[in-house]
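First the proteins, then the strands, lettered A, B, ... as listed; each starts at 1.
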2 protein chains.
Amino acid sequence: MAARKGYGQFCPVAKAAEIFAERWTPLVLRELIVGSQRFNELRRGLPLMSSALLSQRLKELEYAGIVEHRSGARKNAEYHLTEAGQELRPIIEALGFWGARWMRSRLTNEDYDPSLLMWDIRRNLDVQRLPEGQRTVIEINLHGAEPAVRRWWLVVDAGEVDLCMKDPGYEVSLRLSAELRAMVDVWTGRQSMDAAMRAGKLTFEGSRTLASSFRKCLKLSPFARAAS
Amino acid sequence: MAARKGYGQFCPVAKAAEIFAERWTPLVLRELIVGSQRFNELRRGLPLMSSALLSQRLKELEYAGIVEHRSGARKNAEYHLTEAGQELRPIIEALGFWGARWMRSRLTNEDYDPSLLMWDIRRNLDVQRLPEGQRTVIEINLHGAEPAVRRWWLVVDAGEVDLCMKDPGYEVSLRLSAELRAMVDVWTGRQSMDAAMRAGKLTFEGSRTLASSFRKCLKLSPFARAAS
DNA sequence: CGGGATCCGTAAAGATACTG
DNA sequence: CAGTATCTTTACGGATCCCG
């Protein structure tokens, strides 16, 4: 009779770990913290997590009082953090800074997921700083990525950003080619974009001023400031 | 091909969670943080963890650069936190405060482990404040605990504290009887000792001044200050 | 006795398919 | 879109044993 759940300890660390330190749970919380609310929105940020397990974890978090499941009239159910859940934010952040500082060297090939990188970039693009009143199309080529996830297009129009994996057909305003590793290193703050360019791992093609704007509006990962 | 380890994400939260959010790992870290160094010392704080799994986790932590295994000449092998491990302390602490604040209501019967309680009390007894130059024996009865772990003796002599589960045969200086639940509530700061005494859940027998000294030298759990 | 290793049954996670 | 259902693989719990 394996008593799988529970550590049998009244220690608050144990009680917190029972819910927090389950597989995938910190990543589910991270997604909720950055603002994902719909089931499939959460899935996008957790591509290797099975939907069955995501569903199960969300129920566990709901039962633990960390997540609320507001089920709208139709299928517009949304997941939100409760106050208890919000208070986990500093812990997730601390874990991220610790990971950036100490686990960076433990990245494996499988960790360099181009889709997650592009999704992060899309989310953190400060579109206000790009030319207004016109469509801007940025093509991004990630060398070293699988063919199916190598070419991406960011279409910025009327303050909206669209991320495409297929050529949207518009004229490309700026073309960015980069080693996948180098692009992730830039995004995570391990390497400056200047350094990547000097090393020939990252190049722009197109308008110089647009390239400059793009560089300014590309915010880095929230954990980029961690010491390397 | 189940890629069981690794979330396939470069996000620092994911890389940290890969090692931190494994079953038992936060509790192993807690033990190391409070100062346990020997294998069996760790085991005492993790009674429900199998020794095989503890051994495995310690190796994983060592491989991850979080724990050092200093193997002395003989069998005096010791486990220590590295700098990376020390930097997890604030995260463990934050998790403990969060757990004390939000998970207190989720304690189950199995969580009230008398041995862990007594071990905590033993460790946090400020013996300086007890009478010097004489032996002080405090018998503790925990009502509601299993017979085998109901009666305990704290023997304080020459600044050393000994915790016994068998009557050491010395004259008892002070006798404390308490509901196990109430004693845990006091230890975790959920309830003051005064309140527990008023509720009749905790009583002293013996010298009034010694009872008073004992109450002063009993420090509470590090997480006791968390709001309830 | 400290510090494990080994083996086996169960429970949790992954893969894939399917549904309202 | 938002999940279930089912089957397989892996990890965990428990007991036992080993070795200096």
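The closest side-chain heavy-atom distance from A:F10 to B:W187 is below 4.5 Å.
Whole-Å rounding puts the A:L48 CG to D:dT10 C1' distance at 16 Å. The separation between A:M49 atom CE and C:dA15 atom P is 12 Å, rounded to whole Å. Counting to the nearest Å, the C1' atom of C:dG4 and the CD atom of B:E41 are 17 Å from each other. Protein atom CD of B:E78 is 12 Å distant from nucleotide atom P of C:dG4, rounded to whole Å. Rounded to whole angstrom, the span from the CG atom of B:L53 across to the P atom of C:dC7 amounts to 18 Å. Rounded to whole Å, atom P of C:dA12 lies 10 Å from atom CZ of A:R57. Distance OH (B:Y79) to P (C:dG3): 7 Å, rounded to an integer number of Å. A:L58 places its CG atom 14 Å from the P atom of C:dA13, with the value rounded to the nearest Å.
With sequence neighbours excluded, the residues that form a side-chain contact (heavy atoms from CB on, under 4.5 Å) with A:R89 are A:I33, A:E93.
By the 4.0 Å N-to-carboxylate-O rule, A:E18 lies close enough to A:K15 to be salt-bridged with it. A salt bridge links B:R151 and B:E139; the closest N-O separation between the charged side-chain nitrogens and carboxylate oxygens is under 4.0 Å. One finds no salt bridge joining B:E78 and B:R70 here, because no Lys/Arg side-chain nitrogen approaches an Asp/Glu carboxylate oxygen to under 4.0 Å. Note on B:R57 versus B:E60: salt bridge recorded, some NZ/NE/NH1/NH2 to OD/OE distance being below 4.0 Å.
Contact annotation: B:R23 reaches the phosphate of D:dG13 (side-chain N/O to OP1 or OP2, under 4.0 Å). Note on B:K59: a side-chain N or O is less than 4.0 Å away from OP1 or OP2 of C:dA5. Under 4.0 angstrom from either OP1 or OP2 of C:dA5 there lies at least one side-chain N or O belonging to B:S55. A:W24 has no side-chain polar atom (N or O) that falls below the 4.0 Å cut-off from OP1 or OP2 of C:dA12. Here A:R38 reaches the OP1 or OP2 of D:dA2: one of its side-chain N or O atoms lies under 4.0 Å away.
In this structure, of C:dA5, C:dA12, C:dG14, it is C:dA12 that holds the atom nearest to the side chain of A:K5. Distance from the side chain of A:E22 is smallest for C:dA13 among the nucleotides C:dG4, D:dG13, C:dA13. Comparing C:dG4, C:dG2, D:dT4 by their nearest atom to the side chain of B:N40 picks out C:dG2. Taking every side-chain heavy atom of B:S50 into account, D:dG14 is the closest of D:dG14, D:dC12, C:dG2.
Rounding to the nearest 0.5 Å gives a distance of 4.5 Å between CG of A:D167 and CH2 of A:W153. Note that CD of B:E87 and CD1 of B:I66 are 11.0 Å apart. Values are rounded to the nearest 0.5 Å.
A heavy-atom distance below 4.0 Å to DNA chain D is reached by none of the residues of residues 9-20 of chain A.
Comparing the local axis fitted to the first five base pairs of the helix from C:dC1-D:dG20 to C:dG20-D:dC1 with the one fitted to its last five gives a bend of 30°, rounded to 10°.
Comparing A:S51 and B:Q56 by the nucleotide of DNA chain C that holds the closest heavy atom to each, the one mapping nearer the 5' end is B:Q56. Comparing B:E60 and B:A52 against DNA chain D, the residue whose closest nucleotide sits nearer the 5' end is B:E60.
Contact detail for B:S51 and B:R43: the closest heavy-atom pair is CB-NH1, 3.4 Å.
Both tests do not hold together for A:R101 against A:W98: distance to the six-membered ring centre under 6.0 Å, angle to the ring axis within 45°.
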